[in-house]
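Right, I'll just put the structure down here and ask away after.
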Amino acid sequence: GVEVTFTSTLGTIVASAYTDTAGLAKARLLAGSTAGFSNVRATAGVANTSMLIEFHATNVGEVLLTVVPSRIVADGASSANVTCFVLDTLGLPISDGTPVRFSGLSNGSVTPLFATTLAGEVSATINSFTTVGWDTLIATSGDSTAEVAIEFLSGPPNYVDMWPADPILDANETDTTRIYGVVYDEVGNPVNAGKIINFSVTPSDYGTITPVTATDDTGAFSVRFRAGRYAGVAVISANCEGATGITQVDLMPTNVEDIG
């Protein structure tokens with residue numbers, strides 16, 4: 001019936017127990033997630049004793065990796081959150097301090113490249129460069145790896161570059177040319193497919209143009225311009241979500257035949 005108190009420097013132990021008729025007090029020590037030596041001490045009144053118990057690091061069984069968001073704007077400033085969970089062979093969080101290494105990225109950077117687990121988890125951050133395309137982040141711990149595909153996307157439209165296939169037409173209401181162009185984001189990457197572009201001609205009676213089109217998967221577009229009947233300079237304007245561009249076509253007077 002004598003109370004014995006217990007303490008440990010690692011793991012969790014029952015705080016106290018009472019001796020039985022043989023003078024024996026028992027307590028259960030539960031391992032934590034930190035490897036190392038635990039100093040376990042028992043105290044009863046002024047008497048005390050201690051012993052060291054070693055907790056071994058668990059073996060890596062599986063690595064789980066997530067990136068949110070997995071589609072990042074390639075503008076040199078956008079970022080994503082990386083979370084890596086490392087489990088042991090029993091499916092439980094790995095021991096604290098287990099190293100994790102990140103690799104594989106070409107279109108962005110990950111910070112930190114090396115980290116150690118706490119409660120089985122490691123966090124990192126991806127920062128984009130200015131290159132678009134698919135990329136892969138790899139997390140490695142022990143002999144186990146996990147990977148996530150990440151898409152680096154162009155940003156919103158910033159400016160429209162456009163030009164006519166034929167910059168000079170006869171002002172005969174018949175001649176046509178294609179107007180080609182590419183829509184770019186702020187850092188010069190072509191925008192994604194499906195961006196809507198609206199067109200206009202100034203003066204409006206100097207020609208007609210396909211009023212609306214959309215970018216393809218390279219950010220490019222083309223529309224047809226038809227000359228009007230008046231000679232001069234037709235200014236062709238494009239607007240894509242507030243991004244603008246202009247080009248022009250020179251309209252030449254047609255020859256006048258002799259009147260008999």
Is there a donor-acceptor pair under 3.5 Å between the side chain of D135 and the backbone N or O of L105?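 Not a single qualifying donor-acceptor pair exists.
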Check whether V110 and V73 end up in the same hydrophobic cluster, where Ile, Leu, Val, Met, Phe, Trp and Tyr are linked by side-chain heavy atoms less than 4.5 Å apart.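 No, V110 and V73 fall in different hydrophobic clusters.
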What I'd like to find out is whether the side chain of N239 reaches to under 4.5 Å of the side chain of I197, using heavy atoms alone.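 Counting from C-beta outward, N239 and I197 never come under 4.5 Å.
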Give, for atom CG of L87 and atom CD1 of I94, the distance between the pair rounded to the nearest 0.5 Å.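 Going from the CG atom of L87 to the CD1 atom of I94 covers 8.0 Å.
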For S154, does its backbone N or O pair with a side-chain atom of N189 as donor and acceptor, under 3.5 Å?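 No, because the side chain of N189 does not come within donor-acceptor range (under 3.5 Å) of the backbone of S154.
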Any side-chain to backbone donor/acceptor pair from D170 onto N172? Under 3.5 Å, distance only.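 Not at all, since once roles are kept as given, no pair shorter than 3.5 Å links the two residues.
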S95 backbone acceptor or donor facing T98 side chain under 3.5 Å: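 Yes.
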F221 and F199: CA distance, side-chain angles, deciding distance, ring-ring contact (aromatic ring centres under 6.0 Å, His included) verdict: CA-CA 12 Å; F221 63 87; F199 299 91; 5.5 Å; yes
My understanding is that only residues two or more places apart in sequence, or in another chain, count here; which of them pass side chain to side chain contact (heavy atoms under 4.5 Å, CB included) with L153?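 With sequence neighbours excluded, L153 shows a side chain to side chain contact (heavy atoms under 4.5 Å, CB included) to R71, E151, N192, given in chain and number order.
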Partner of F102 by side chain to side chain contact (heavy atoms under 4.5 Å, CB included), out of V82, T140, I138: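 It is V82, the one option of V82, T140, I138 that forms the side chain to side chain contact (heavy atoms under 4.5 Å, CB included) with F102.
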Validation row: T218, P190 side chains within 4.5 angstrom (heavy atoms):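 When only atoms from C-beta onward are counted, P190 and T218 do not touch, as no gap falls below 4.5 Å.
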Nearest 0.5 Å, please: how far is CD1 in I209 from OG in S204?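 Those atoms lie 13.0 Å apart.
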Side chain of T130, backbone of G76: donor and acceptor closer than 3.5 Å?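 The answer is no, because no donor-acceptor pair under 3.5 Å joins these two groups.
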Minimum heavy-atom distance Y18-G1, with the two atoms named: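 Heavy atoms only, the tightest pair is CD2-O, 3.4 Å.
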Is it true that a side-chain atom of T111 and a backbone atom of T125 form a donor plus acceptor pair closer than 3.5 Å?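 No, the answer is negative, given that no donor and acceptor are paired below the 3.5 Å cut-off.
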With a 4.5 Å cut-off on side-chain heavy atoms, are V40 and L29 touching?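 Heavy-atom side-chain distance check passes, below 4.5 Å.
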Spatial distance of atom OG (S8) from atom CZ (F37) [nearest 0.5 Å]: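 Reported value, rounded in 0.5 Å steps: 15.0 Å.
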Is there a donor-acceptor pair under 3.5 Å between the side chain of S144 and the backbone N or O of G142?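 No, because the side chain of S144 does not come within donor-acceptor range (under 3.5 Å) of the backbone of G142.
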Within the 4.5 Å heavy-atom criterion, are Y184 and N158 side-chain neighbours or not?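 Y184 does not reach N158 side chain to side chain.
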Hydrophobic clustering (ILVMFWY, side-chain heavy atoms < 4.5 Å, transitive) - are V182 and V187 grouped together?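 V187 and V182: separate clusters.
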Donor-acceptor check, side chain of D166 to backbone of L169, threshold 3.5 angstrom: yes or no?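 Absent.
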SB check E241 K195 (cutoff 4.0 Å):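 Here E241 pairs with K195 in a salt bridge, since their nearest N and O are under 4.0 Å apart.
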Polar side chain donor-acceptor pair, R178 to S222, under 3.5 angstrom: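 Yes.
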Side chains of D96 and T116: does their closest heavy-atom pair fall under 4.5 Å?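 Heavy-atom side-chain distance check fails, nothing below 4.5 Å.
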I72 side chain reached by I150 side chain, heavy atoms, under 4.5 Å: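 Yes; the side chains approach each other to less than 4.5 Å.
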Is P156 close to V191 at the side-chain level, that is, under 4.5 Å between some pair of heavy atoms?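 The answer is no, as the side chains (C-beta and beyond) never meet within the 4.5 Å cut-off.
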Side-chain H-bond candidate by donor/acceptor type, R41 with N48, under 3.5 Å: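 Present: a donor and an acceptor within the cut-off.
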If Ile, Leu, Val, Met, Phe, Trp and Tyr residues are connected whenever their side-chain heavy atoms lie under 4.5 Å apart, and connections chain through other members, are V235 and V160 in the same group?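 Not linked; separate clusters.
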Are L251 and V249 side-chain neighbours, meaning at least one heavy-atom pair lies under 4.5 Å?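 Yes, at least one pair of side-chain atoms sits under 4.5 Å.
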Quick one: do I53 and V4 end up in the same hydrophobic cluster if we chain Ile, Leu, Val, Met, Phe, Trp and Tyr together by side-chain heavy atoms under 4.5 Å apart?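 Yes, I53 and V4 fall within the same hydrophobic cluster.
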Counting neighbours of CD on E121 that are heavy atoms of other residues, nucleotides or ligands and sit closer than 6.0 Å, is the number greater than 12?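 Count over threshold, so yes.
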Under a single-linkage definition using a 4.5 Å side-chain heavy-atom cutoff for Ile, Leu, Val, Met, Phe, Trp and Tyr, are F114 and V67 assigned to the same hydrophobic cluster?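 Linked, F114 and V67 end up in one cluster.
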